[in-house]
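None of the values given here were measured: they were computed from a predicted structure. As a basis for the values below, the full set of heavy atoms in this structure was taken, side chains included, without hydrogen atoms, waters or symmetry mates.
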Amino acid sequence: MISVKVPASSANLGAGFDCMGVALKLYNIIEVEEIEKGLIITSSPDDPSIAKDENNLVFRAMKMVFDEVGWYPRGLRINLINEIPLTRGLGSSAACISGGIYAANLLCGGKLSEEEMIYLAAKMEGHPDNSTPAMIGGLVFAVLEDKKVNYIKFVVPARLKFAVFIPDFQLSTEYARNILPKYIEFKDAVFNIGRATLFASAITTGNYELLPAATQDRLHQPYRKKLIPDFDKIVNLSLEAGAKGSFLSGAGPSIIALIDENYEIFEQNVKNALASMKLAANWDFMILEADNSGATVFSVQSTSLKR
Ligand SMILES: Nc1ncnc2c1ncn2[C@@H]1O[C@H](COP(=O)(O)OP(=O)(O)O)[C@@H](O)[C@H]1O
Ligand SMILES: N[C@@H](CCOP(=O)(O)O)C(=O)O
């Protein structure tokens, strides 16, 4: 049995639509084992949206690797332990894809390079901003090209923390992508280019005072926030509590805020605000650090199957 740990991820980071994302210390565990025959998939906590047959996302990612390298297990047992909430904008699908590719590559003897795994994951997900940090960790600037992903990984210092606000409803990434406009005004494109580059510079040089300006966006949040009733309330309360920027996590509905200091004061202020605004019942709140490792093996037990 091979056990792989793969982190959650928060993509876009404001202005960096489809090209920026950070891995977070919230994990799924994917356990895989070759068996004599068949496909056995279990998951906990179970969720009706998690397929237990060949439609399962982790299995589909693994099969893509087997097809790529021309090696197939006789049968496969997959056990999924899901800490990352599904369909909340925290890269649950990307964790399945990157974790499944990573686990399958271990099962078939490591035939794929890290670059090949990063590309396959981004190609399957359709955009590299979740799958790449899920695979290698850190805060990643990434562009999916024709046959590869061009990326830079920035190792996030522990002083920068991430407040995550998770509502009690789901918003599928597919739906949240379909509602985006096919065309935008030139001035809005220029607006986002400037802030995405300012974000990259501010985050890598530690100029966190620039982050509130650098995390503004006109490409996706104006459209998606309409699907999230308390969006402005959560963003405003996190900024008033001292966050250095607050914005949609991925395609949502979760919201993420950047915190640079006074974490305990921030946490207490947020908890007080959530309670006084009667939002606490519908919004989970946690403070996470960035994960700088990505998908990792955390146990390998020899299989009883003899080839
Ligand atoms: N932990 C999981 N196990 C199996 N399938 C999953 C898991 N997480 C997501 N999926 C599949 O991926 C699909 C897309 O999820 P998505 O809307 O992208 O969620 P997220 O925003 O968390 O990435 C889900 O409908 C589900 O079928
Ligand atoms: N760039 C994508 C990111 C989707 O992230 P997820 O965690 O919601 O799957 C988008 O904004 O559509």
Quick one: does [X]'s side chain have a donor or acceptor within less than 3.5 Å of a partner on [Y]'s backbone?
{"X": "Ser10", "Y": "Ser249", "value": "no"}
{"X": "Tyr151", "Y": "Pro128", "value": "no"}
{"X": "Gln216", "Y": "Gly14", "value": "no"}
{"X": "Asn56", "Y": "Ala51", "value": "yes"}
{"X": "Asn207", "Y": "Leu210", "value": "no"}
{"X": "Asp230", "Y": "Lys233", "value": "no"}
{"X": "Asn79", "Y": "Glu31", "value": "no"}
{"X": "Asn12", "Y": "Asp18", "value": "yes"}
{"X": "Glu83", "Y": "Tyr27", "value": "yes"}
{"X": "Arg218", "Y": "Asp188", "value": "no"}

Using 0.5 Å steps for rounding, measure from the [atom1] atom of [X] to the [atom2] atom of [Y].
{"X": "Ser131", "Y": "Ile97", "atom1": "OG", "atom2": "CD1", "answer": "7.0 Å"}
{"X": "Ile101", "Y": "Leu106", "atom1": "CD1", "atom2": "CG", "answer": "12.5 Å"}
{"X": "Ile41", "Y": "Asn55", "atom1": "CD1", "atom2": "CG", "answer": "9.0 Å"}
{"X": "Ile179", "Y": "Glu174", "atom1": "CD1", "atom2": "CD", "answer": "12.5 Å"}
{"X": "Ile259", "Y": "Leu160", "atom1": "CD1", "atom2": "CG", "answer": "8.5 Å"}
{"X": "Lys244", "Y": "Ser238", "atom1": "NZ", "atom2": "OG", "answer": "12.0 Å"}

Check [X] against [Y] and note the closest heavy-atom contact, atom names and distance.
{"X": "Val69", "Y": "Cys108", "result": "CG2-SG, 3.9 Å"}
{"X": "Leu248", "Y": "Ser254", "result": "CD1-O, 3.6 Å"}
{"X": "Asp129", "Y": "His127", "result": "OD1-ND1, 2.7 Å"}
{"X": "Lys278", "Y": "Asn282", "result": "O-OD1, 4.3 Å"}
{"X": "Ala23", "Y": "Pro133", "result": "CB-O, 3.4 Å"}
{"X": "Ile35", "Y": "Leu76", "result": "CG1-N, 3.3 Å"}

Only one of Asp46, Asp47, Ile50, Ile29 clears side chain to side chain contact (heavy atoms under 4.5 Å, CB included) with Asn82; which?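 That would be Ile50.
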Take a 6.0 Å sphere around [atom1] of [X] and say whether it holds more than 12 heavy atoms from other residues, nucleotides or ligands.
{"X": "Phe298", "atom1": "CZ", "value": "yes"}
{"X": "Glu145", "atom1": "CD", "value": "yes"}
{"X": "Tyr263", "atom1": "OH", "value": "yes"}

Is any side-chain heavy atom of [X] closer than 4.5 Å to a side-chain heavy atom of [Y]?
{"X": "Ile78", "Y": "Thr42", "result": "no"}
{"X": "Leu219", "Y": "Ile184", "result": "yes"}
{"X": "Phe191", "Y": "Asp217", "result": "no"}
{"X": "Leu24", "Y": "Ile256", "result": "yes"}
{"X": "Lys25", "Y": "Pro7", "result": "no"}
{"X": "Glu114", "Y": "Ile118", "result": "yes"}

With clusters defined by side-chain heavy atoms of hydrophobic residues (ILVMFWY) lying less than 4.5 Å apart, directly or transitively, does [Y] cluster with [X]?
{"X": "Ile265", "Y": "Phe285", "answer": "no"}
{"X": "Phe59", "Y": "Ile30", "answer": "yes"}
{"X": "Leu90", "Y": "Leu80", "answer": "no"}
{"X": "Ile136", "Y": "Phe154", "answer": "no"}
{"X": "Met277", "Y": "Met286", "answer": "no"}

Using a distance-only test with no angle check, is there a side-chain donor-acceptor pair under 3.5 angstrom linking Asn272 and Gln268?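 Per modelled atom types, Asn272 and Gln268 side chains form a pair under 3.5 Å.
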Take Phe231 and Arg224 through the side chain to side chain contact (heavy atoms under 4.5 Å, CB included) test and state the conclusion after the steps. CA-CA 9 Å; Phe231 181 86; Arg224 289 169 165 174; over 6 Å; no
Considering only residues two or more places apart or on different chains, which pairs with a residue in residues 97-113 satisfy side-chain hydrogen bond (donor to acceptor under 3.5 Å, both in side chains)?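 Qualifying pairs: Ser113-Glu116.
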If the plane angle is over 60° it's perpendicular, under 30° parallel, otherwise tilted; pick one for Phe169 and Trp283.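 Answer is perpendicular, since the angle exceeds 60°.
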Before you tell me yes or no, could you show the steps for Leu288 and Lys161 under side chain to side chain contact (heavy atoms under 4.5 Å, CB included), namely the whole-Å CA-CA distance, both residues' side-chain angles and the distance that decides it to 0.1 Å? CA-CA 6 Å; Leu288 299 173; Lys161 299 188 191 319; over 6 Å; no
Got a sec, which residues hit salt bridge (Lys or Arg N to Asp or Glu O under 4.0 Å) with Lys5, two or more places apart in sequence or on another chain?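 Partners of Lys5 by the salt bridge (Lys or Arg N to Asp or Glu O under 4.0 Å) criterion come out as none, since no residue qualifies.
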Show your reasoning for whether side chain to side chain contact (heavy atoms under 4.5 Å, CB included) applies to Phe165 and Leu237. CA-CA 11 Å; Phe165 299 83; Leu237 76 82; 4.3 Å; yes
Would you please test Leu13 and Leu139 for side chain to side chain contact (heavy atoms under 4.5 Å, CB included) and show each step? CA-CA 10 Å; Leu13 299 174; Leu139 192 153; 3.9 Å; yes
Run the salt-bridge test on Asp232 and Lys225 with the 4.0 Å N-O cut-off and return the result as yes or no.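 Yes.
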Decide whether a cation-pi geometry holds between Arg195 and Phe199; the criteria are a distance under 6.0 Å from NZ or CZ to the six-membered ring centre and an angle within 45° of the ring axis.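 Judged by the rule (NZ or CZ under 6.0 Å from the ring centre, within 45° of its axis), Arg195 is not positioned above Phe199.
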